[in-house]
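Letters go in sequence order (proteins before strands), and every chain restarts at 1.
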Amino acid sequence: MLEDRVSKANGYHQQYLEINVSNGVATRHELDTTLLQQSIGGSGLGTHLLLEHESWKHDPLAAEASIVFAFSPLVGSPLTTSAKFAVVSRSPLTGRINDSLASSTFAIAGKRTGNDALLIKGRAVSPSILVIEENQISLKPAEHLWGLSAEDAELQLREEFGNKFSFAVIGPAGEQLVRYATISHSGRHAGRGGSGAVLGAKNIKAVAVRGNQRAAWHDTEGLIAQARNLSQRSFGPATEKYRELGTAANVLIFNRLNCLPTRNFQKGSFEKAGELSPEAMNIAHEKIRESCAACTIGCTHVYSIPVDGRPSRARIEYENLFALGPLCEVSDQQTVLQASQLCDYYGLDTISTGGTIAFAMECVERGFLNETWLTFGNGDALLQAIHMIGRGEGIGVRLAQGSRTLAMELGNNTIAFAPQVKGLELPGYEPRALQTMALGFAVGTRGADHNRSGAYEVDFSEEVDRRNAKVHQARLAVETEDKAAIMDSLILCKFLRGVFDDYFAECATMLNLITGWRLESSDLISTAKGIIDAKKRFNILCGWSPEEDTLPERMLTSALADDRDARLNRETLETLVTAYNLERGWDEAGFLPGSSAGT
Amino acid sequence: MKITIEYYGIPRQRVGIASETYEFDRDEMGIHDVIRAVASKHPAFEKHCMDDGIVNKHMTVNLNGNQFFHSEDGIARDGDALLILSMDAGG
Ligand code: SF4
């Protein structure tokens, strides 16, 4: 049992817990105010802790590797969408930094253990549940949960531990060390980059948290007034799209603009996209809307589907839909819904699952992979491939490594059309048709990523020609990354961003009300840059090289088949990347001042 | 001249149709004026998608799948398609 201590800073407990699951030893570490001001929480804090623990030195699936659950100063406050946490580790898919975010009561309960972060190292001798109940840390056997889906395991954990605990759980994919396995909690998922495999490699099926420690707020009255105002605005037009149609609202307009990646990024439109639109799904299926904990928006649209004659439900978001639909050329609603449900069942990142399967389908078509059943447009093959990945059977074992590793194994320059950057499969934004986003993908510290770079917003504005990138777009891409770095460290949901008139000023106000600091917009912009520098530093220490900041060769050598104006060449992308690096204050190649390869 | 208006996302929800064609007795006109014509035909669109006579900051307009015009200061010509969509592309 650890000693009680008094919380010092508003908004924080000013400490984190390091737990070695090899021997069950927990160590408490202090966090000083300067560090908290520089990293805030969430992604920022998690990155700092990984650097401090020299996590770049270890294979992400090694016992010595660290994985951090980082909370934030806003967690537990009345601010809408603030019940979020970040899971930060070195990614087993990319070998680079990975920070996946999710919302649930796990964030609130985790922070109430009296810690701003939980850092887990080591490897339990057998499948275990890590239980953190304020000062008491224990490992309990989890053999009876091994093999269960995260949802089923969580139901059982609730029965065993009661409702006062919250749980972060891996599914069978995490147990099988699928390199894009997720961590789930109350039906939400820390999705990208394989944090589920990192936990699985530690033999940890679930982390259970409970506590009563509350961090104080500097100005409770002001905070409540701010929270009311924010909630009010969250009901307005800025979030209408998410409430009425969900993120899948993108399908039809992306299709119209040839930005909807189809057939493993060979095309930007899918003739049957209409069948997968939320407008069509809403007619064919019963639907309910759900929210994360402490959210007034509720963007999650859950459809009823019959599976094997029994009623069932499937959560649909744009990314699931694009990756398991058009990318594999599957248009059947039921199949795509079922594929999405299966990914949740096994605990698989839907984007990497769809991206890797679509890549394999193209390899089969070109004769590089001898799995003749795995063809574009074949919904049954899609479902079978997901089962095989989740169960670790047959070709599923190779697909579980992601498209980059599969391409390296297959040779024949298949890497040219593997849809990944740094090993992370591309999300549903065709880079040739959205070229600021192309830059965002190329330079992203965790690989091709639409959450750490919102550069697509620039492409959808009158400021640029989306298919003809110019150097000034590098600055605009940097601005969207800076905003995301703050949002991911505070943490607030990105779907709120449209409600802010003066983004950094409002974020500073919220943070000041909680902490009593006197930050201004400019301070937060500096903090954002510091957080992105820290992620880059981590990558450099992992062995990052400038050649990684690019796109798959095919995207730089051929135009989109259905939009010949959507073309991007290597020289243009390199010019953009250089401009981005200089805008960040790095050298032309992308090294931080004072750093160089291997330092 | 004929202009096709295509609605996506929230604008489609408000107007209730996917697309429609407008005929104007001119060779070209400002996108701003085309949007006015849409608003006068669809009060629900005007109420939910416009502020002070222009599309609100949560909507945007695209000409022929090419350039976006949030401030609506482009020119539409015969045969053009004007796409009206929810601004926030993220998902
Ligand atoms: S808007 Fe959606 S993703 Fe964001 S917190 Fe609410 S339900 Fe969760």
Side-chain angles (χ1 to χ4, degrees), chain A residues 236-259 269 274 277-279 282 299 317-322 427-429 433-434 437 450-451 454 456-468 480 484 494-495 497-499 501 563 565-566, chain B residues 3-20 30-32 34-35 39 42 44-76 80-91:
Chain A
T239 58
E240 237 169 358
K241 177 186 107 166
Y242 300 114
R243 284 179 277 123
E244 289 195 29
L245 296 164
T247 55
N250 290 348
V251 170
L252 292 179
I253 185 64
F254 276 35
N255 194 51
R256 173 66 170 86
L257 298 174
N258 294 307
C259 319
S269 63
S277 68
E279 290 88 345
N282 290 350
C299 71
E317 288 169 18
Y318 170 67
E319 297 297 341
N320 310 13
L321 213 140
F322 116 83
Y429 301 79
L434 300 168
M437 190 72 252
H450 64 297
N451 281 320
Y456 54 80
E457 286 177 4
V458 178
D459 290 314
F460 281 80
S461 75
E462 59 192 344
E463 290 181 72
V464 303
D465 174 350
R466 66 189 171 90
R467 289 174 297 195
N468 185 13
T480 71
K494 300 237 164 51
F495 299 155
R497 65 196 185 284
V499 311
D501 288 325
D563 183 358
D565 291 334
Chain B
I3 304 282
T4 304
I5 310 289
E6 300 176 24
Y7 303 99
Y8 295 91
I10 292 301
R12 183 178 295 191
Q13 297 292 105
R14 299 294 168 262
V15 173
I17 51 174
S19 68
E20 62 185 331
I31 287 175
H32 187 90
V34 180
I35 297 290
H42 298 289
F45 174 83
E46 181 165 30
K47 182 167 173 215
H48 295 281
C49 304
M50 298 184 71
D51 282 336
D52 302 326
I54 57 166
V55 290
N56 67 34
K57 66 175 185 167
H58 310 295
M59 307 293 152
T60 191
V61 176
N62 178 287
L63 189 62
N64 297 323
N66 299 320
Q67 187 61 44
F68 283 91
F69 290 97
H70 186 64
S71 53
E72 301 174 20
D73 59 0
I75 300 289
D80 279 346
L82 212 55
L83 288 51
I84 308 179
L85 57 138
S86 301
M87 182 71 173
D88 210 350

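The greatest number of non-hydrogen atom pairs below 4.5 Å with chain B, out of A:Glu240, A:Glu462, A:Glu279, A:Glu463, is found for A:Glu462. Note: A:Ile253 leads A:Asn258, A:Leu257, A:Ile253 in heavy-atom pairs under 4.5 Å with chain B. Chosen from B:His48, B:Glu6, B:Lys57, the residue pairing most often with chain A at heavy-atom distances under 4.5 Å is B:Glu6.
Contacts between B:Tyr8 and chain A at a heavy-atom distance below 4.5 Å involve the side chain alone, from C-beta outward. For B:Asn66, the parts lying near chain A are the backbone and the side chain together; criterion is any non-hydrogen pair under 4.5 Å. Neither the backbone nor the side chain of A:Asp565 comes within contact range of chain B, judged by heavy atoms closer than 4.5 Å. For chain B, the nearby part of A:Val464 is the backbone; its heavy atoms alone come within less than 4.5 Å. With a 4.5 angstrom heavy-atom cutoff, A:Leu245 touches chain B only via side-chain atoms.
Distance check, rounded to the nearest 0.5 Å: CG of B:Leu83 to CG of A:Leu252 gives 11.0 Å. Atom OG in B:Ser86 sits 11.5 Å away from atom CZ in A:Phe460 (nearest 0.5 Å).
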**Study point:** From CA spacing to verdict: salt bridge (Lys or Arg N to Asp or Glu O under 4.0 Å), A:Glu244, B:Arg12
**Key:** CA-CA 11 Å; A:Glu244 289 195 29; B:Arg12 183 178 295 191; over 6 Å; no

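Residues A:Arg256 and B:Asn62 fail the side-chain proximity criterion, which asks for heavy atoms closer than 4.5 Å.
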